[in-house]
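Because only heavy atoms are used, hydrogens play no part in the values below, and waters and symmetry mates are left out as well, while side chains stay in. Chain naming here is simple, since letters A, B, ... match the order of the sequence lines and numbering starts at 1 in each.
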There are 2 protein chains.
Amino acid sequence: MQRVFEALASTTRRKILAYLSKAELTAGEIAARFEISKPAVSQHLSVLENAGLVTSEKRGQYVHYRLVEDNLANTLNGYLQEVCPVSRPLKVESAAKAARLDDG
Amino acid sequence: MQRVFEALASTTRRKILAYLSKAELTAGEIAARFEISKPAVSQHLSVLENAGLVTSEKRGQYVHYRLVEDNLANTLNGYLQEVCPVSRPLKVESAAKAARLDDG
DNA sequence: CTATTAATTAAGGCATGACTTAATTACCTA
DNA sequence: TAGGTAATTAAGTCATGCCTTAATTAATAG
């Protein structure tokens, strides 16, 4: 929980997650999308992995990273339920679908 | 967005939000719940207020703080939609209700 | 007006986070 | 096995964050 919010506090790390939400990428492919050094990106990936937000798999010479969607969704939604009324997140997040389902 | 995630990166600040989710409190009442100094708590409140997660109102000698639920819920859910498939958060957050509605 | 309480601002210390370059590890290919 | 690429680890710098105590502002009570 603490690690997840710390990981999300960095814009660079949130961008990495955004990239990984579209496709699995190697460390090098991720680094190429930023202007900071490769070791710096590697450190960010390490933070994200320690928070359980991404996982890595080494295939040959490359390390492939992918998003762990469940952990992100569960942590944020869990926190939201804790602090906000249960009904609100549902409405905010997919108001259209909820409305449709509630009406039907 | 950046400010919200920075604000949430601190355990102390998340605890403050948790207290405020139960009741409106004065700065002093909040400070009394922590072991750190009152100025330290004041700084945390300032961070939360700059992030738009709480608002304050001075009444006489006291400053009352309360949670801004909408901003917290909208920011986290908005981010979640951006990074995770739209359908997932709904399932995670209220699986029972979603299942019931989907089945019915 | 003076004293007291609530709260914030100011100033400074210390730990932590983010970045850099250089070195190292691991894997692939000629 | 020597050389090259991918990636991480190591070491050190610089900025930022969180905490402290002391000073200040603002409101209430005598």
Exercise. Are any of the side-chain nitrogens in A/E29 or A/K38 under 4.0 Å away from the carboxylate oxygens of its partner?
Worked result: no
Seminar exercise, completed: Of B/S46 and A/Q43, the one whose closest nucleotide on DNA chain C sits nearer the 5' end is B/S46
Exercise. C/dT8 phosphate, OP1 or OP2: any side-chain N/O from B/Y62 under 4.0 angstrom?
Worked result: no
For this session: Check whether any side-chain nitrogen or oxygen of A/S37 sits under 4.0 Å from OP1 or OP2 of C/dT20, and answer yes or no.
Result: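 Answer is yes, contact under 4.0 Å.
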Exercise. Looking across every strand, which nucleic acid part, if any, lies under 4.0 Å from B/A27 by heavy atom: base, sugar-phosphate, or nothing?
Worked result: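 The residue B/A27 makes sugar-phosphate contact but no base contact.
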For this session: Indicate, with a heavy-atom threshold strictly under 4.0 Å, whether B/F34 touches base, sugar-phosphate, or nothing.
Result: nothing
Among [options], which is the nearest nucleotide to the side chain of [X]?
X     : options               : result
B/T26 : C/dA7, D/dA10, C/dC27 : C/dA7
B/T12 : D/dC19, C/dC27, D/dA7 : D/dC19
A/S10 : C/dA18, D/dC18, D/dT8 : C/dA18
B/P39 : D/dT8, D/dT28, C/dA10 : C/dA10

Problem set entry | Distance-only donor-acceptor test (3.5 Å): side chain B/Q61, base D/dT28 | no
Exercise. Roughly how many Å is it from CD1 in B/I36 to P in C/dA7, rounded to a whole number?
Worked result: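 Distance check: B/I36 CD1 to C/dA7 P gives 15 Å.
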Exercise. For DNA chain D, whose closest nucleotide is more 5', that of B/R59 or that of A/L45?
Worked result: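 Its nucleotide being nearer the 5' end, the pick is A/L45.
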Problem set entry | Between A/S56 and A/E49: side-chain donor-acceptor atoms closer than 3.5 Å | yes
